[in-house]
Structure formats: structure tokens, C-alpha cells
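Single-structure report; data block below.
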Amino acid sequence: MPTTESADNDQLFVLTAVLLTPAQFPSVLGDDYPEVCAGLGLEPYAEGYGLVLGQDGDGARWTVVTEDVSLVACAIAAWDCGMEYDLSPDENSIVGALPGWPLALAVAAPGVPQPHDPEPQEGDPAPLAPPDAGEWGPAQRRLGADEIAMQWAAWREQVEGDSTFAEPGDEAHKGVRRVLEEARGYVNDPPPAGRVRSSFAAGEARTLRVDGPGWSMVARTDDIAFVLLDEEPGEVHPVGRGPELPGLLSSLDELAARPV
């Protein structure tokens, strides 16, 4: 986490920040970029936003939305390298300040009261709160897909030499077949922005993250895929390459949103 900084004139003590763009957004909040924006009351502009999470001098939780995506990206990169970065968006770039936090944080600003939602004012939206990921459902399914993407080597090793791969036409895996059919449909009828995202992987490969109603898929363009389903709590289905998967992944990568 970044060092806590005092940000703008309103004395927001910044705890962390995240990007909200078609290619990069907190997956736990939705299956695609417009869905996440709608949950925050924002217009799904292609340029995206930065979300700055912090506390005011009374300890209240606030999420400041800025259009200065580059500034937030620089801050995140610096923090990831263990460097300090005073994230202070220009007030002209600030879209608004939303009460609450959309994500769970395990940190707090020193020297101020413990995090709490601000006192509601007439006309204010309800405070943001993290999705309930305690029980298996869409939020936890998407978090599971995030984990596979981040720990690909470990998950891949678990199925090395495994003979229980699901295949595109395998009747025994109707859920997986449905996912692959819906993902194939994205190629001809592109889905909302962010449902297909592509990021760097080892070598010349790409990591694909594909989401849809009730399912998530994580894949490497040079390897296999993993499918998670809302209706099968905690289950992860590896999908073998076979004759169809390579072409599907290549087509999905072509239409995927990519980080700038």
C-alpha cells in the first residue's frame, strides 16, 4: 500500500487508488466497464477514471473520482515500486467525491478517527460499500478468476498431465460448453467494453480475462483456459487447447481492451 499522504485542500488522506478504464478496473465490482461505472453512478467514458480512496480529517471514507487517469497510473506504479508519491489530483480534473469506499481496505490514515461513512447530507447518494464476497457468487467468482490470472504458473502446474480437461464439445461439461459458445459469440457481436481484456504474459503470449453472465474465463493465448461458473461454487474447470480453443483465444485477443 502507498504511504498515506495529505492530498488536496479538503485534506483527504489518500490510502490507495485504482484505475477504472475499459482495460483495467476492479473485477469484483462487475463483469464489464459499463456495469462498474453504473454501480458508481458514472458515465462509461472511453478515457476512464482514477478512483482515489481516502479519509477526511474526521476519518470519514471518501472516493474521489478524477479524470486524470495518467496521474493515478503514475502513482500506482510508484507505490508498486515502494516509492512515495503525493497523489493530489487537480481540482479541475475531479468529477466528484462519493461517500464510502467501493473496495474493502485493511488500512487507515494515522492520527484521524477510524474509517466510517460520512454523515449523510440531503440529496447525497448512499455510501459506497464493497460487494459481499463472503459467499460464492459473481463477486467471489470474479475474484477467483483474478487469483488464477495472478498465480497462473501455480494453477497451471496443478493440471499438468491431467486427463480431466474439458473440451469445447464435451457433453459432460455443459456449463463449460455454454461459456465457450458465449465467448465465441463475442467475436461476431462484440460485448460491452471490458468483458474481454488482454494483458501481458510471458514471452509473446497474452493473458485473457473474459467475463459474461454467470461465468469468468482466464486463458493464455499460447496455452489452456480456466472457467469458473456461478452455479458451481469453488469449482475451476481447465479447458484443453484442442482444435478450437487456440483460434477462439486469438480472435478474442484481437477485440480485447488493452492497457495503454
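What you see is a predicted model; the values in this text were computed from it and never measured.
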State whether the side chain of Thr221 and the backbone N or O of Arg206 hold a donor-acceptor pair below 3.5 Å, judged by distance alone. yes
All heavy atoms of Leu12 vs all of Gly54, minimum pair found to be CD1-C, 3.7 Å
Count the heavy atoms of every other residue, nucleotide or ligand shown that sit under 6.0 Å from CD of Glu157, and state whether that count exceeds 12. no
Quick one: pull up CG in Leu245 and CG in Leu180 and give me the separation to the nearest 0.5 Å. 7.0 Å
Indicate the atoms forming the closest heavy-atom contact of Ser198 with Leu208, along with that distance. CB-CD2, 3.8 Å
Do Asp223 and Arg156 meet the salt-bridge criterion of a basic N to acidic O distance under 4.0 Å? yes
Answer whether the closest heavy-atom distance between the side chains of Ile76 and Asp80 falls below 4.5 Å. yes
Please determine, by modelled atom types, if Ser88 and Asp86 share a side-chain donor-acceptor pair under 3.5 angstrom. yes
Using every non-hydrogen atom in the two residues, find where Val36 and Pro26 come nearest and quote the distance to one decimal. CG2-O, 4.4 Å
Is there a donor in the side chain of Ser27 and an acceptor in the side chain of Asp146, or the other way round, less than 3.5 Å apart? yes
If only atom types and distance count, is the side chain of Trp136 paired as donor or acceptor with the main-chain N or O of Asp230 below 3.5 Å? yes
Between Ile224 and Val239, does the side chain to side chain contact (heavy atoms under 4.5 Å, CB included) criterion hold? Intermediate values first, please. CA-CA 6 Å; Ile224 65 171; Val239 181; 5.9 Å; no
Hey, does the side chain of Ser251 reach the backbone of Gly247 with a donor-acceptor pair shorter than 3.5 angstrom? yes
Check whether any side-chain heavy atom of Val65 lies under 4.5 Å from a side-chain heavy atom of Leu20, and answer yes or no. no
With sequence neighbours left out, write down each residue that passes side-chain contact (heavy atoms from CB on, under 4.5 Å) with Glu43, or none if nothing qualifies. Tyr45, Tyr49
Check whether any side-chain heavy atom of Leu29 sits under 4.5 Å from a side-chain heavy atom of Arg142, and report yes or no. no
Look only at the side chain of Asp58 and the backbone of Ala60, and say whether a donor-acceptor pair between them is shorter than 3.5 Å. no
Is Leu228 close to Ile148 at the side-chain level, that is, under 4.5 Å between some pair of heavy atoms? yes
Return the CG to CG distance between Leu87 and Leu71, rounded to the nearest 0.5 Å. 5.0 Å
What I want to find out is whether Arg195 reaches Glu182 closely enough, with some N-O distance under 4.0 Å, to be called a salt bridge. no
Could you please spell out the steps behind the side chain to side chain contact (heavy atoms under 4.5 Å, CB included) verdict for His173 and Val227? CA-CA 11 Å; His173 294 275; Val227 167; over 6 Å; no
The test is side chain to side chain contact (heavy atoms under 4.5 Å, CB included); show your working for Val210 and Trp215 and say whether it passes. CA-CA 9 Å; Val210 190; Trp215 58 268; 3.7 Å; yes
Rounded distance [0.5 Å steps], CG in Asp90 versus CG in Asp68: 8.0 Å
Close side-chain approach of Trp155 to Val218, heavy-atom, < 4.5 Å: no
For the atom pair CZ (Arg197) and OH (Tyr33), what is the distance rounded to the nearest 0.5 Å? 12.5 Å
Under a 3.5 Å threshold, yes or no: a donor from one side chain and an acceptor from the other, between Arg141 and Ser216? yes
Which side-chain N or O atoms in residues 103-128 pair as donor and acceptor under 3.5 Å with protein atoms at least two apart or in another chain?
{"residue": "His116", "atom": "ND1", "partner": "Gln114", "partner atom": "O", "Å": "3.0"}
{"residue": "Asp117", "atom": "OD1", "partner": "Arg61", "partner atom": "NH1", "Å": "3.0"}
{"residue": "Asp124", "atom": "OD2", "partner": "Gln121", "partner atom": "N", "Å": "3.2"}

Here the pair of heavy atoms bringing Ala75 nearest to Tyr85 is CB-CD2, 3.6 Å
Could you tell me the separation between the CZ atom of Arg241 and the CG atom of Asp222, rounded to the nearest 0.5 Å? 6.5 Å
Once you round to the nearest 0.5 Å, how far does CD1 of Ile94 lie from CD of Glu67? 10.5 Å
Hydrophobic clustering (ILVMFWY, side-chain heavy atoms < 4.5 Å, transitive) - are Leu248 and Leu255 grouped together? yes
Which heavy atom in Trp62 sits nearest to a heavy atom in Asp56, and how many Å separate them? NE1-OD2, 3.0 Å
Could you list the residues that satisfy side-chain contact (heavy atoms from CB on, under 4.5 Å) with Ala201, not counting sequence neighbours? Ala205, Thr207, Arg220
Using a 4.5 Å cut-off on heavy atoms from C-beta on, say whether the side chain of Pro138 contacts that of Asp31. no
Validation row: Pro191, Asp32 side chains within 4.5 angstrom (heavy atoms): no
Smallest separation among heavy atoms of Gly50 and Val72, with atom names: CA-CG2, 3.8 Å
Less than 4.5 Å apart, any side-chain heavy atom of Leu53 and any of Pro102? yes
